[in-house]
Structure formats: C-alpha cells, structure tokens
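Quick notes on the structure that follows.
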Amino acid sequence: MSQRRKQYPFDQIEAKWQAHWETSGTFRTLNPGEPGFDPARPKYYVLDMFPYPSGAGLHVGHVEGYTATDIVARHRRKLGYNVLHPMGWDAFGLPAEQYAIRTGQHPRTTTEGNTARFREQLKRIGFSYDWSREIDTTDPGYFRWTQWIFLQLYGSYFDTEANAARPVHELTARRRAGHPGESEADLRAWVDARRLAYIAEAPVNWCPRLGTVLANEEVKDGVSEVGGFAVERRPMRQWMLRITDYAERLADELEDLDWPDGIKALQRNWIGRSEGASVRFALEGHPATIEVFTTRPDTLFGATYMVLAPEHPLVEEITGPAKRAAVEEYRERVASKPDLERIDLSREKSGVSTGARAINPVNGEAIPVWIADYVLMSYGTGAIMAVPAHDERDFEFARAFGLPVRQVVQPAGEEPGGNACFVGEGVNVRSGFLDGMPTPEAKEAVTLWLEERGLGARAVKYKLRDWLFSRQRYWGEPFPIVWDGERHEGLPESELPLLPPDLDDFRPTGEGEPPLARVKDWVQLPDGRRRETNTMPQWAGSCWYYLRFCDSGNGDRFVSEEAERYWMGGERSGGVDLYVGGTEHAVLHLLYARFWHKVLFDLGFVGTREPFQRLINQGLVLGADNQKMSKSRGNVVNPDDVVAAFGADSLRLYEMFMGPLEQGKPWSERGVEGVYRFLGRVWRLAMEPEGEEHWAISARLGDVEPSPALLRVLHETIRKVGEDTESLFFNTAIAQMMIFVNAMTGERIRPVRVLTSFLHVLNPYAPHLSEELNARLHTAFPGLSGAELAYAPWPEWDEAVLAVSEVEIVVQINGKLRDRIRLPAGSPEAAVLERVRASEKIGAALSGRAPRKVVFVPDRLVNLVVGGEKA
RNA sequence: GCCGGCGUGGCGGAACGGUAGACGCAACGGACUUAAAAUCCGUUGAGGGCAACCUCGUGCGGGUUCGAAUCCCGCCGCCGGUACCA
C-alpha cells in the first residue's frame with residue numbers, strides 16, 4: 001500500500017487543522033465572568049476518565065472513549081452549547097515509582113516524558129480539548145488542593161442525625177458540654193476516633209514485594225492487582241477514610257443516576273447492604289453477651305451452636321481452661337495464614353470449641369460457642385448464630401464437627417425432617433410461636449419479639465469497609481499532617497502545598513516504613529514535631545479532578561464557586577453531563593469520587609449531591625483474534641501506526657463504526673481500510689486528481705438544485721446522525737453518512753449546497769477532512785458556506801422534505817408476508833383493502849378463505865387473519 | 001455459587017412488537033487499464049426452480065400475540081464482576 005496514491009492527503013490536512021486549532025485557540029472554553037462568555041447558552045460538561053500516562057503510550061481503547069466524547073462535544077458546540085471538554089493526567093502511581101527503584105530515575109522525569117507523549121498522541125487525533133485547562137495530579141498546584149480536601153475530611157465527622165458530614169469543632173463543643181469533667185487528652189482521643197479521616201490499628205493487606213499496604217479493592221484473589229504479588233494480613237497503624245458512614249447514601253442515591261444498570265448493580269453489590277436483625281445471646285455463667293447479625297432471624301429456633309471470629313475480643317474471656325491451649329493454637333495458625341491459603345482452603349471448614357455455652361434467647365437452650373475462620377471479624381459483629389439446617393456454611397461446619405442440624409423452615413408443601421440444608425423461604429416448624437408462619441412473616445414476628453424484650457433489633461449491615469488511605473510510597477501526595485508524639489494535627493492551609501522532599505533512593509524500607517521516613521530533615525520539624533511519612537493512594541487525585549477542570553488555574557480555591565455552580569449545576573440533579581470510561585473503574589474510582597463529592601456537598605463546597613449524572617462504559621477493544629490486547633499475544637494495535645497509515649479521521653471513524661460503544665469488539669485492519677475508503681469517497685465528491693500530487697475542485701460539482709430524492713437523503717442524514725449522535729449510536733450514524741455518500745456519488749452533477757450541509761454532519765466525526773473540504777468549497781463557491789465548521793450551527797432538517805408521496809404496504813396472511821403493494825401515503829384502510837382484494841397473490845394464497853379479522857397499520861401493513869385449516 | 005451482559009449471514013454488525021440481515025468487510029462478476037493496483041457499476045443468508053416465485057431461517061425448548069430477533073418461562077453456551085459478607 002505504500003506506493004499507492006493516498007485516498008486523500010490526510011497527512012497535510014490533519015497537521016494543518018491541528019496547528020490552526022492550536023494557534024487560534026479554537027477550543028478554549030470561557031468561564032462565567034470572562035470577557036466574551038455567553039451566559040445565555042446552555043452548558044454541557046463532557047468528560048473522559050483521564051489516563052494514567054503509562055510508558056506504553058496511548059492505547060486504541062483510550063481512543064474509543066475519547067472519540068465518543070469528542071464527537072459529542074463537537075456536536076454540542078454546533079448546537080449552541082457552552083461545552084467543557086477537558087483532559088489531564090492521573091500521574092501519581094506505582095509504575096513510575098517501580099521504574100525509579102530499578103533505575104534511579106526520578107519519577108517526575110519518567111512522568112513528564114510519558115505525559116508529553118500522551119499529549120502529543122492525543123493532539124494528533126484531533127480531539128477538541130481545551131488544553132488550557134490541562135491538569136496533572138502530580139503538579140503541586142493541583143495536589144495542594146488534594147491535600148486541602150483531605151484536611152476537610154480530617155476536619156469533619158459524620159453526624160448520624162443529619163446523615164451528613166459536619167465540622168469536627170461542632171462535635172468537640174458538644175462533647176465538652178456533655179462531659180465537663182473529661183480531660184483534654186480523652187476528649188481529643190474521643191473526637192479523633194470520629195473524624196472522617198482517622199488513624200486505626202487494623203489488620204491491613206500488606207504486600208512485602210511492593211513494600212506497601214493495599215486497599216481491599218487493590219487485592220484480587222489474595223494477590224496484589226498490580227504485579228500479582230502475595231499479600232498478607234498484618235495489623236498496622238494506617239489512615240482510614242470513613243466511607244462506611246456514607247454506605248447508605250452511596251447506595252440510595254445511585255437510584256436517580258443515569259448509569260448503566262450493570263454498573264449500578266456492581267456498586268450496590270460492593271456496598272452490599274443486607275437487612276436483618278441483631279440478636280444478643282447471653283453466656284452461661286458469664287456476664288458478657290454475644291451479639292450476632294443475621295438476615296434470617298426466622299431461623300433462630302434452629303440455631304444449634306455459635307461461632308466467633310478467631311480475632312473476636314470475647315474469645316479470650318470466655319474460653320474455658322480445658323480449651324485454652326487449643327484455642328490459642330488455632331488463633332495463631334489463622335493469624336499467620338496468608339490470605340492466599342485462607343482462600344484456597346476456603347471449602348475446608350476448620351475451627352475449635354471454646355468450651356463456653358450461649359443461651360438461645362427464644363428457647364433458653366444452651367448451645368456451644370466455637371471459633372472458626374469462616375466467620376470474619378470485619379463483617380457484621382464478628383460473630384454468628386449457626387443454623388446448619390438453613391445455611392450452607394454452617395451446614396458444612398456442622399457436618400465436619402458432628403454438630404446437630406435442626407430444621408425449622410420447611411419448603412411449602414413438604415413434610416418436615418431430613419438432614420439436608422434448605423436456604424430458601426418456606427413455613428416455620430419446631431419454632432414455638434413462629435410455627436406455621438411463612439418466612440417473611442416469621443422474620444417480622446421474631447424481630448418484634450426480640451425488640452420488645454430488649455434482646456435484639458432490626459439491623460442493616462454493609463459489606464463496604466472503611467477505605468485504607470495510606471501508602472508506603474514516595475510517588476504520591478504527602479499527608480498534610482504532623483505528629484506531636486502520639487497526637488496528630490492538620491497543617492494550616494497556608495502551608496499547602498506540602499511538597500515531598502527530593503530523593504535518590506526510592507525503595508521502601510521493607511518493614512512498612514515509607515521512603516519519606518528516611519529524609520530526616522524533612523520529617524523532623526524544628527519544634528520537635530514530625531511529619532506524617534505515608535502518602536495518599538493513587539485514587540486521591542482522581543477523586544475530584546472533574547471539579548478542578550471547571551477552574552483549573554485557580555490559585556485561591558480548589559474551584560471558584562461561580563465556575564462550580566455553572567459547570568456542575570444544571571440538568572436534572574446536575575454534575576458532569578456525560579462521563580465516559582472503562583468498566584475497570586466501576587467500583588473503585590467511581591465509588592471514591594462519589595464519596596468525596598458527598599463530603600464536599602455536606603460541607604457546602606459543591607452544589608450537587610452526585611458528581612456524574614450520566615455514565616457510559618465503553619466496551620473493550622479486542623485484538624483481531626478476539627482476545628484482550630496484550631504484548632504477549634502480539635495482537636496490540638498502536639494508534640500511532642493507524643494514524644500514520646490512514647490518518648486520524650479514519651482512526652476516529654473506524655473506532656466508532658466497529659459496533660455499539662458499550663459493546664466489546666475485535667479490531668479489524670480491513671475495517672479501518674473500509675472507513676478510509678469511505679473518507680476518500682467523501683473527498684472525491686468535491687475533489688478530483690490533478691497530476692501526480694495535486695487535487696482540484698471536481699468538475700462534477702455545481703451550484704445546482706438537488707433532486708427531491710437526493711434532498712430527502714440529505715435531510716434523513718441530518719436527522720438520523722443528529723439523533724444517533726445524541727444517543728451515542730455512532731455506528732448507525734456513520735452507516736447513514738455512508739448511505740448519503742453512496743447517493744451523492746451517483747449524481748452526475750453534485751449539488752454543492754447539499755455537500756456543504758453534509759460536511760456539518762460529518763464534522764464531529766471527521767473534523768479535519770470536513771473542515772478542509774468546507775474551506776476549499778468556501779473558496780471555490782464564495783458565499784455558499786462559512787469558512788469554518790467547528791461552531792457553525794448544526795443544519796436543520798425539514799419534515800416536509802422527508803415526507804414521501806407513496807409508501808409500500810406489506811400484506812400478510814396470518815403474519816406471513818404474501819405481497820407488497822404501493823399506495824399513496826396516508827391511504828385509508830378501505831382504499832388499502834380494495835387493493836389487497838385486487839391482488840392476485842393474495843387471492844391465490846387465500847384460496848377462497850375469508851379473513852376472520854383484518855389488522856391494519858397505516859402506511860405499513862395489512863395482516864389478514866384466516867381461520868384454522870380451510871373454509 | 002451469586003450478580004450483570006451477550007448469543008442474528010463467511011466476518012463486524014442493522015432492525016418503535018410490523019418486509020430479518022441496513023451499513024461496512026470479505027468473496028464473485030463487469031467497466032476502465034497493455035497489465036495490475038486504485039476507482040466506478042453489479043451480485044452475494046441457506047435450499048429448490050429456466051423463471052415469476054416457493055420453502056426454511058435470529059443458540060435450544062415452550063408460551064403470550066393477528067404478528068416475536070424483540071415480551072414472558074425454562075435450558076445451553078460465551079464474556080465481565082464477585083466470592084465463606086452470616
């Protein structure tokens with residue numbers, strides 16, 4: 001293909017227009033208050049998930065989502081919206097730091113090189129970003145505000161009455177008033193334990209290979225998501241964010257969002273709300289009680305033993321002397337067991353008896369208390385009542401240790417008995433006052449019974465855990481926190497940004513001490529206080545970047561109130577109008593960002609409850625072999641190569657033509673050539689070759705009246721592409737453009753006005769080619785078109801032009817197609833039926849039978865229903 | 001296991017419950033060319049017929065409907081998420 005003449009000179013055209021957009025600031029977006037800003041226009045904020053600028057460069061998967069949003073942004077500009085369409089870099093992250101550890105090259109150097117390459121690649125595809133708003137999470141001018149938001153979290157607590165965050169000083173004042181005698185130190189400790197950002201000594205996911213702790217979300221199947229290294233649990237002092245307080249709102253407020261059901265389900269699942277009851281069991285001969293959470297209080301009569309998590313604080317107290325040694329041994333074994341093993345052996349139940357016995361509150365029965373690692377300290381109360389007849393895990397455990405199984409719920413219409421496990425709903429038996437009740441009723445009844453006696457209450461639990469927020473890394477935001485002995489406090493705002501010290505050895509210490517701890521003169525303050533040496537996780541910067549884009553140059557505030565109100569307010573409940581990105585962020589990024597946003601909302605810093613009103617997940621772009629693209633498979637497509645061979649417009653168009661945006665689909669080199677040829681056909685509608693190198697305005701172009709048929713195709717194209725673009729059905733929009741071009745190609749003399757109208761429609765999709773052709777036509781036919789398309793109004797279509805005089809009506813017999821007849825549009829039923837009766841085919845097919853019923857759909861079809869066999 | 005999504009020609013994919021297969025790719029035929037490429041014009045779900053046409057066809061089995069790729073029930077297969085969450 002190298003020697004072949006190009007379909008059109010895309011290389012010159014694309015470079016020319018990209019330079020033009022850059023030098024004339026075409027896509028610079030004004031903020032309210034700036035000269036020239038037009039407040040009368042509606043706003044539209046269309047956002048991509050900004051990339052981590054990896055060393056591998058831009059991926060065709062990035063290009064898919066970015067092209068989609070770019071088409072929407074360009075379309076909206078032509079519809080008269082003020083469009084915010086920004087781009088930036090989520091540039092803190094492990095790869096740059098790992099590279100630094102290996103080579104000694106500072107992560108900043110690596111990061112700068114990578115971002116420069118990404119920026120260059122994106123510009124070569126012609127995305128209409130407002131580059132003046134570009135942000136970089138590693139820029140002190142940016143992370144200053146990430147640190148500032150952390151201080152807001154640190155300075156707040158969750159007020160359960162208001163179901164919202166409030167400043168911590170309010171809590172302090174209230175506590176002081178209520179507990180006048182309390183010492184300052186105790187008061188402080190009490191308040192500190194309630195901050196949204198707090199310190200906890202908790203079992204964490206420690207990854208020795210990476211030398212850092214990881215969030216639950218960063219651990220998959222017992223190994224780190226990055227690198228796949230073994231992760232073990234060990235107790236460490238860490239910063240945590242109290243996201244669990246927001247579990248209810250994060251789940252409930254998902255409802256009104258215009259997000260794919262699958263993503264909502266994923267988040268709901270992650271938050272994991274369960275409704276049930278908490279029940280308190282007394283202990284035989286011991287003052288303590290065991291509280292459990294259950295979703296099946298109706299099975300309480302079937303509880304035959306209890307299980308505490310091995311780490312449960314009560315274990316120590318209640319274990320009988322005879323069992324002490326075994327319990328100790330078991331607890332140690334579990335504690336040292338790496339997570340990987342704990343998962344591998346998941347189906348093998350293990351545990352030991354404590355010797356203690358608990359009293360079942362409903363029947364006074366004494367049942368043994370065990371410890372077992374299938375009960376997790378981190379969920380519910382860390383203790384369960386075991387009902388082997390109606391819970392599979394309990395059933396397995398009971399079988400392994402010979403514990404009794406007592407059926408108390410029977411499936412409707414079956415006899416009681418049997419030693420199997422039944423987890424469904426049914427009717428209670430052997431359950432005292434619950435006997436005969438169907439499951440839902442029994443749940444209600446027993447909960448009420450427990451509540452009346454102060455033995456339990458209805459309860460809601462969430463799977464969601466608090467967010468482990470500190471990392472033992474160099475390449476992240478330092479915490480704006482200083483320690484005075486055991487006391488911590490936030491830095492004053494005036495000291496932000498807190499910059500990390502420069503370093504030449506980036507290795508973690510291996511024992512949980514972060515690299516920053518090595519820089520003594522940074523850590524140690526003159527007054528004896530010490531800086532926090534952990535850094536924030538990579539998620540921090542992406543939790544609020546969409547806000548910064550509204551006002552990225554602001555040096556006084558994270559975003560001005562005016563800019564936030566304008567760009568984030570608006571349609572329905574507000575926020576980003578369209579957010580496009582991959583499913584890999586369905587739970588982590590999207591949940592964290594929603595959490596921060598809600599805190600900022602509670603504190604009055606933003607005006608919307610949710611950040612992202614409408615979310616779309618683009619599907620995976622697979623290799624030509626239908627497998628995920630990967631170096632090892634050798635099926636990776638580099639966007640640069642595609643741009644070099646076929647041009648940016650072809651790359652854009654192909655990625656949109658492959659199939660529905662949200663669906664995964666394989667790459668096809670042939671497919672790229674197909675759209676490349678299509679763009680060549682568009683070019684040749686207006687241009688013809690002149691000599692070896694040049695192109696001239698085509699002699700077949702003229703300022704002539706289009707035929708009604710051609711005009712109809714044009715208007716249909718304007719209508720369909722407009723509608724499909726709005727619905728993000730880009731593949732069918734492009735198909736319609738192809739239909740138009742096929743029609744136009746057949747015209748002997750091509751009406752130039754029809755062509756210029758079409759170029760508006762093509763413009764969001766293939767901006768370079770359309771601008772170039774329009775500019776050339778503008779020169780050749782002055783007065784017929786504006787000089788530039790980017791902001792020129794989207795053309796209008798006319799219903800009258802679309803109207804057809806004659807329609808084809810389908811004639812069916814019993815739903816089967818038998819004939820088609822042509823009739824004037826809008827023909828009444830009687831006229832249509834007359835023609836149907838005249839049809840030979842229909843007469844033959846009816847063979848004398850009379851229609852029992854006639855279904856008539858105007859301008860579409862007639863269905864004759866005839867009785868069974870023959871009349 | 002559970003939760004989501006998807007099964008339509010040789011391939012990517014179109015089809016408000018109303019003509020299944022738009023558009024593109026591939027393939028085949030023709031025009032142009034000394035020739036090829038490029039381009040332009042056709043054909044192309046399967047089976048049958050010289051033909052006009054006929055029959056069958058949207059993973060499988062049922063159902064609702066005048067009419068189902070589309071809605072409902074039950075399976076099968078693939079992809080993604082999740083996993084002792086009481």
Side-chain angles (χ1 to χ4, degrees), chain A residues 1 3-7 220-221 260-266 268-270 272-274 276 292-296 299 307 342-343 345-347 349 372-376 378-387 390-394 396-397 461-465 583-584 586-587 617 619-620 622 624 626 628 654 657-660 662-675 677-678 680-681 684 689 729 731-739 741-742 745-746 808-820 841 851-857 860-866:
Chain A
M1 117 122 249
Q3 292 309 307
R4 199 193 300 164
R5 183 183 185 122
K6 288 191 176 70
Q7 289 273 345
K220 290 250 150 74
D221 300 328
D261 288 340
I263 301 301
K264 284 190 184 182
L266 237 43
R268 222 176 276 120
N269 208 27
W270 191 265
R273 178 191 156 93
S274 339
V292 302
F293 172 72
T294 176
T295 54
R296 293 295 300 272
T299 62
V307 186
R342 215 164 149 167
I343 286 159
L345 300 174
S346 61
R347 294 296 148 205
K349 292 282 183 290
D373 68 355
Y374 82 92
V375 173
L376 309 173
S378 50
Y379 181 76
T381 60
I384 62 159
M385 63 176 206
V387 186
H390 305 293
D391 182 282
E392 271 172 42
R393 297 151 300 183
D394 297 344
E396 274 173 42
F397 191 83
K461 295 286 176 200
Y462 297 92
K463 279 203 289 192
L464 188 68
R465 315 284 159 83
T583 344
E584 66 273 21
V587 272
N617 282 120
L620 225 47
L622 304 168
N626 233 315
K628 201 167 166 169
Y654 174 63
F657 187 58
M658 291 168 84
E662 296 183 74
Q663 193 174 298
K665 53 241 158 203
W667 187 268
S668 154
E669 175 86 6
R670 298 286 200 177
V672 189
E673 285 192 52
V675 293
R677 275 203 294 268
F678 163 70
R681 283 160 67 83
R684 288 191 305 274
F729 298 157
N731 55 331
T732 49
I734 293 166
Q736 181 61 39
M737 290 193 257
M738 288 172 168
I739 290 171
V741 170
N742 290 343
T745 301
E808 187 178 76
I809 293 181
V810 170
V811 186
Q812 299 176 333
I813 295 178
N814 288 344
K816 278 191 181 261
L817 175 69
R818 291 299 151 172
D819 199 7
R820 306 154 211 253
K841 284 183 195 169
R852 178 160 56 83
K853 182 178 171 185
V854 174
V855 179
F856 175 70
V857 182
R860 288 208 74 105
L861 69 73
V862 173
N863 188 14
L864 306 177
V865 185
V866 298

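Worth saying up front: this structure is predicted, and the values here are computed from it rather than measured. Numbered from 1 within each chain, the chains take letters A, B, ... in sequence-line order.
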Show me the dot-bracket string of RNA chain B, counting Watson-Crick or G-U pairs under 3.5 Å, with | for pairs to another strand and [ ] for crossing ones. (((((((..(((.....[....))).(((((.......))))).((((....))))..(((((..]....))))))))))))....

As a test of reading the structure: which of [options] is closest to the side chain of [X], going by heavy atoms?
| X | options | value |
| --- | --- | --- |
| A:Pro666 | B:rU82, B:rG12, B:rC84 | B:rG12 |
| A:Ala265 | B:rG13, B:rC3, B:rG18 | B:rC3 |
| A:Tyr379 | B:rC16, B:rA86, B:rG81 | B:rA86 |

Once side-chain contact (heavy atoms from CB on, under 4.5 Å) is applied, do any residues pair with A:Pro851, and if so which ones, sequence neighbours excluded?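 Partners of A:Pro851 under the side-chain contact (heavy atoms from CB on, under 4.5 Å) test: A:Val854, A:Leu864.
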
Any residue meeting side-chain contact (heavy atoms from CB on, under 4.5 Å) with A:Asn269, in chain and number order, not counting sequence neighbours: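 So A:Asn269 forms a side-chain contact (heavy atoms from CB on, under 4.5 Å) with A:Lys463.
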
What is the distance, rounded to the nearest whole Å, between atom [atom1] of [X] and atom [atom2] of [N]?
| X | N | atom1 | atom2 | result |
| --- | --- | --- | --- | --- |
| A:Leu620 | B:rC6 | CG | P | 16 Å |
| A:Leu266 | B:rA83 | CG | C1' | 13 Å |
| A:Asp394 | B:rC84 | CG | C1' | 10 Å |

Assess the side chains of A:Gln7 and A:Arg681: does a donor N or O sit below 3.5 Å from an acceptor N or O?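 A:Gln7 vs A:Arg681: no donor-acceptor pair found between side chains.
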
When syn is taken as a glycosidic angle within 90 degrees of 0, is B:rG9 syn or anti?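 Here the answer is syn: the torsion falls within 90° of 0.
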
Determine the contact category for [X]: base if any of its heavy atoms lies under 4.0 Å from a base atom, sugar-phosphate if only primed atoms, P, OP1 or OP2 are that close, otherwise nothing.
| X | answer |
| --- | --- |
| A:Ser274 | sugar-phosphate |
| A:Pro260 | nothing |
| A:Lys463 | base |
| A:Gly664 | sugar-phosphate |

Could you pull out the protein-nucleic contacts involving nucleotides 22-29 of chain B (nitrogen or oxygen on both sides, under 3.5 Å)?
unit_1	atom_1	unit_2	atom_2	d
B:rG24	OP1	A:Asn742	ND2	3.1
B:rC25	OP1	A:Arg677	NE	3.4
B:rC25	OP1	A:Arg677	NH2	2.8
B:rA26	OP2	A:Arg677	NH2	3.3

At less than 4.0 Å, is any side-chain N or O atom of A:Gln7 found next to OP1 or OP2 of B:rU39? Yes or no.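 Answer is yes, contact under 4.0 Å.
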
Ignoring backbone atoms, test whether A:Arg684 places a side-chain nitrogen or oxygen under 4.0 Å from the OP1 or OP2 oxygen of B:rA38.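 For A:Arg684, the contact criterion (side-chain N or O under 4.0 Å from OP1 or OP2 of B:rA38) is not met.
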
Within 45 degrees of the axis of the six-membered ring of A:Tyr374 and under 6.0 Å from its centre: does A:Lys349 put its NZ or CZ there?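 The answer is yes, since A:Lys349 meets both limits relative to A:Tyr374.
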
Using a cut-off of under 3.5 Å, enumerate the N/O to N/O pairs linking the protein to nucleotides 62-73 of chain B.
unit_1	atom_1	unit_2	atom_2	d
B:rC66	O2'	A:Asn863	ND2	3.3
B:rC66	O2	A:Asn863	ND2	2.4

Nucleotide N/O to protein N/O under 3.5 Å, stretch nucleotides 52-59 of chain B:
none

